[in-house]
Amino acid sequence: MKKLRIALIGCGRISACYANAFPKLSDIAEFVCAIDTDIEKARAFAAPFGAAYGTGFEDLQEKGIDVVHLCLPHYLHAPMAVRALQAGMHVLTEKPVAITLQDADLMKAAQAASGKKLGVIFQTRYEKGVQQLRQMIGEGRFGRILSARSYLTWSRPYSYYEGSDWKGTWDKEGGGVLIDQAIHSIDRIRYMLNSDVEWIDGSVHNHYHDKIFVEDTAEAAIQFKNGCIYSLYACNSYAADAPIYLEFQGEKGRCGLKQDTGFYETDGVYQEILPTADADGNIPAYWGSGHLSQIRDFYLSIINDEPVRVDVTEGRKTLEIVKGIYLSSLQGKRIYLPFEDRMYIGVDKAAPGCPDAC
């Protein structure tokens, strides 16, 4: 079998997950080229693979690239994905799919026109506890799910934002704790419930980070079409990265996750689902170990010409919840889906040119 020829664009912090995964995928893929605007970062990533490196998309030309991975600032996901698809490459981008729903739609149109695959990284879906509990919820083991909740309390000090021209910005990151950190909690809740959203009522605030303009705190009530009410709280002003907590309460029991450890309780009996593997030592524990599984899954979807499990549509649905919370906060009222998306310049201001939101 001919191996897929792989490239990576963006050799920043998250690229450590790919440096860990690529050698374990050498049975089906060959890493060919690393791209970063900082040539030294590209060189350092490429060196262990004996691969080529460069500073721009044009450096991928004539290398026969099958798949490009995007590990870029959020605002670059859409234009780079479209460019790669139009060049005949399959694309797997880090989350979020984009920073606006309109950009996600452009990506979907480019994917359809190209006939190539487009996937979005939500690696926490691939954890053992998530998969097993989703199946149990779907089988009705807990009865009808009445409510869900998620809590994320992490630490993002000013040092996290210093030295970056895109972190902590509306125009490049697209927001703060919601679109960057809590988006994984939101995605897991939606994925495990296997239901679409009816309405969103939420608010965002910047309570502590006076040197940035995006939100550091968010809360929301979200009504799913299956009747489940989801309560969300997220902040990045805690003193440490506390374990994420997700829970579902059903008519016959409850289940959830504490970080990557699953748990469930029925008939008074409590049981846990332990993760199958720890993350690599060079990777923060809260990133989990799901990148390898999702990347392999994406490669196999190409090789076997099967649907991508976490595709652009899935990425858009999760982004829609994030953007719905922003819009609900901006308007100070409940938002019903679908809605017209906005760009923002502050937690209480839409960007110039956006429709009047108030």
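- Applying the side chain to side chain donor-acceptor pair (under 3.5 Å) test to T318 and every residue at least two apart in sequence or in another chain returns D187, R190.
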Test side-chain contact (heavy atoms from CB on, under 4.5 Å) on I137 and C255 and set out the steps. CA-CA 9 Å; I137 289 171; C255 67; 3.9 Å; yes
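- Under the rule for a side chain to side chain donor-acceptor pair (under 3.5 Å), E198 has no partner lying at least two apart in sequence or in another chain.
- A distance-only check finds a donor-acceptor pair linking the side chain of D36 to the backbone of C11 [under 3.5 Å].
- Among all heavy-atom pairs drawn from N206 and I212, the shortest one is ND2-O, 3.2 Å.
- Using bins of under 30°, 30° to 60° and over 60° for the plane-to-plane angle, the ring pair H291/Y18 lands in the perpendicular bin.
- Taking the six-membered ring where tryptophan is involved, the planes of F263 and Y270 are essentially parallel, since the angle between them stays under 30° and well short of 60°.
- Judged by distance alone, with hydrogens and angles left aside, the side-chain atoms of S329 form no donor-acceptor pair with the main-chain N or O of S203 at under 3.5 Å.
- Scored by the ring-ring contact (aromatic ring centres under 6.0 Å, His included) test, F122 finds H184 as partners (sequence neighbours excluded).
- Proximity of a side-chain donor or acceptor of S164 to a complementary backbone N or O of K167 within less than 3.5 Å is detected.
- Connection of F213 to M343 is established within a shared hydrophobic cluster, with ILVMFWY side chains joined at heavy-atom distances below 4.5 Å, either directly or through further cluster members.
- Environment of NZ in K258: sparse, with no more than 12 heavy atoms of neighbouring residues, nucleotides or ligands closer than 6.0 Å.
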Residues E30, K2; criterion salt bridge (charged side-chain N to carboxylate O under 4.0 Å, His left out); working and verdict: CA-CA 10 Å; E30 174 189 3; K2 178 181 176 292; over 6 Å; no
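- Less than 6.0 angstrom separates the ring centroid of W170 from the ring centroid of Y344.
- With Y158 as the aromatic partner, K211 meets the cation-pi criteria of under 6.0 angstrom to the ring centre and within 45 degrees of the ring axis.
- Summarising the geometry of G175 relative to Y326, their closest heavy-atom pair is CA-OH, 3.4 Å, with the distance given to 0.1 Å.
- By the salt bridge (charged side-chain N to carboxylate O under 4.0 Å, His left out) test, R141 pairs with no residue at all, sequence neighbours left out.
- Under the rule for a salt bridge (charged side-chain N to carboxylate O under 4.0 Å, His left out), E58 has no partner lying at least two apart in sequence or in another chain.
- Screening N236, I321, L232 for a side-chain contact (heavy atoms from CB on, under 4.5 Å) with L178, the sole residue that qualifies is L232.
- Between the side chain of W166 and the backbone N or O of H74, no donor-acceptor pair lies under 3.5 Å.
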Should F45 and F31 be marked as a ring-ring contact (aromatic ring centres under 6.0 Å, His included) after you check the CA-CA gap, both sets of side-chain angles, and the distance that decides it? CA-CA 11 Å; F45 190 98; F31 183 70; 5.4 Å; yes
Candidate pair L246 and R188, rule side-chain contact (heavy atoms from CB on, under 4.5 Å), full reasoning: CA-CA 9 Å; L246 283 71; R188 277 186 286 186; 3.8 Å; yes
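- In this structure, D348 contributes its side chain and L330 its backbone to no donor-acceptor pair below 3.5 Å.
- Both L4 and L25 belong to a single network of hydrophobic side chains, linked directly or stepwise wherever heavy atoms of I, L, V, M, F, W or Y lie under 4.5 Å apart.
- Tested against Q102 for a side-chain contact (heavy atoms from CB on, under 4.5 Å), the candidates I99, T100, L106 yield a single pass: T100.
- Not a single salt bridge (charged side-chain N to carboxylate O under 4.0 Å, His left out) links D311 to another residue, sequence neighbours left out.
- Although no hydrogens or angles enter the test, the distance criterion places no donor-acceptor pair under 3.5 Å between the side chain of T93 and the main chain of V97.
- A donor atom on one side chain and an acceptor atom on the other are not found under 3.5 Å apart for E127 and Q131.
- Judged purely by distance below 3.5 Å, without hydrogens or angles, the side chains of Y160 and E162 never pair a donor atom with an acceptor atom.
- In this structure, D216 contributes its side chain and H209 its backbone to a donor-acceptor pair below 3.5 Å.
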Could you check L92 against I295 for side-chain contact (heavy atoms from CB on, under 4.5 Å), going step by step and ending with a plain yes or no? CA-CA 8 Å; L92 183 58; I295 294 169; 4.1 Å; yes
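- Between the side chains of Y230 and S150, at least one donor N or O sits under 3.5 Å from an acceptor N or O.
- In this view, D267 satisfies the salt bridge (charged side-chain N to carboxylate O under 4.0 Å, His left out) rule with no residue, not counting sequence neighbours.
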Output side-chain donor-acceptor pairs under 3.5 Å for residues 110-120, partner residues at least two apart or in another chain, one line each.
unit_1	atom_1	unit_2	atom_2	d
Q111	NE2	K116	O	2.8
S114	OG	A110	O	3.2
S114	OG	Q111	O	3.0
S114	OG	K116	N	3.1
K117	NZ	D305	OD1	3.3
K117	NZ	E306	O	2.8

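- Look at D165 and K172 and you find no salt bridge, because none of the NZ, NE, NH1 or NH2 atoms lies under 4.0 Å from a carboxylate O.
- In this structure, K128 and P275 have side chains that are not in contact, with every pair of non-hydrogen atoms separated by 4.5 Å or more.
- Put simply, the side chain of L292 does not reach to within 4.5 Å of the side chain of F22, judged on heavy atoms.
- Stacking of R254 on the aromatic ring of F142 is not recorded, the 6.0 Å distance cut-off and the 45° axial limit not both being met.
- The backbone N or O of I325 lies less than 3.5 Å from no partner atom in the side chain of S328, so there is not a single donor-acceptor pair.
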For L337 and W199, what are the C-alpha separation, side-chain angles and deciding distance, and is it a side-chain contact (heavy atoms from CB on, under 4.5 Å)? CA-CA 6 Å; L337 277 62; W199 55 257; 5.8 Å; no
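- By the side chain to side chain contact (heavy atoms under 4.5 Å, CB included) test, E40 is found to be paired with D38, R43, residues two or more places apart in sequence or in another chain being considered.
- Counting only heavy atoms from C-beta outward, the side chains of I145 and Q249 never approach each other to under 4.5 Å.
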Scan the side chains in residues 63-72 for donor-acceptor partners under 3.5 Å anywhere in the protein, sequence neighbours excluded, and list what turns up.
unit_1	atom_1	unit_2	atom_2	d
K63	NZ	D59	O	2.7
D66	OD2	R5	N	2.8
H69	NE2	Y299	OH	2.7

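- Proximity of H90 to F298: side-chain heavy atoms (C-beta onward) are separated by under 4.5 Å at one or more points.
- Residues meeting the side chain to side chain donor-acceptor pair (under 3.5 Å) test with R149, sequence neighbours left out: E247.
- Residue pairs satisfying the salt bridge (Lys or Arg N to Asp or Glu O under 4.0 Å) criterion with at least one member in residues 92-109, sequence neighbours excluded, are listed as follows: K95-D180, D105-R316.
- Between H205 and H207, the ring planes lie parallel to each other; the angle is under 30°, not in the 30° to 60° tilted range.
- Connection of Y151 to V130 is not established within any shared hydrophobic cluster, with ILVMFWY side chains joined at heavy-atom distances below 4.5 Å, either directly or through further cluster members.
- Side-chain heavy atoms closer than 4.5 Å link hydrophobic residues (I, L, V, M, F, W, Y) into clusters, and following such links, even through other members, never connects L133 to Y245.
- A distance-only check finds a donor-acceptor pair linking the side chain of K3 to the backbone of S26 [under 3.5 Å].
- For Q223 (side chain) and I229 (main-chain N/O), no donor-acceptor pair under 3.5 Å exists by modelled atom type.
- In this model, no donor atom of one side chain and acceptor atom of the other lie less than 3.5 Å apart for D171 and Y75.
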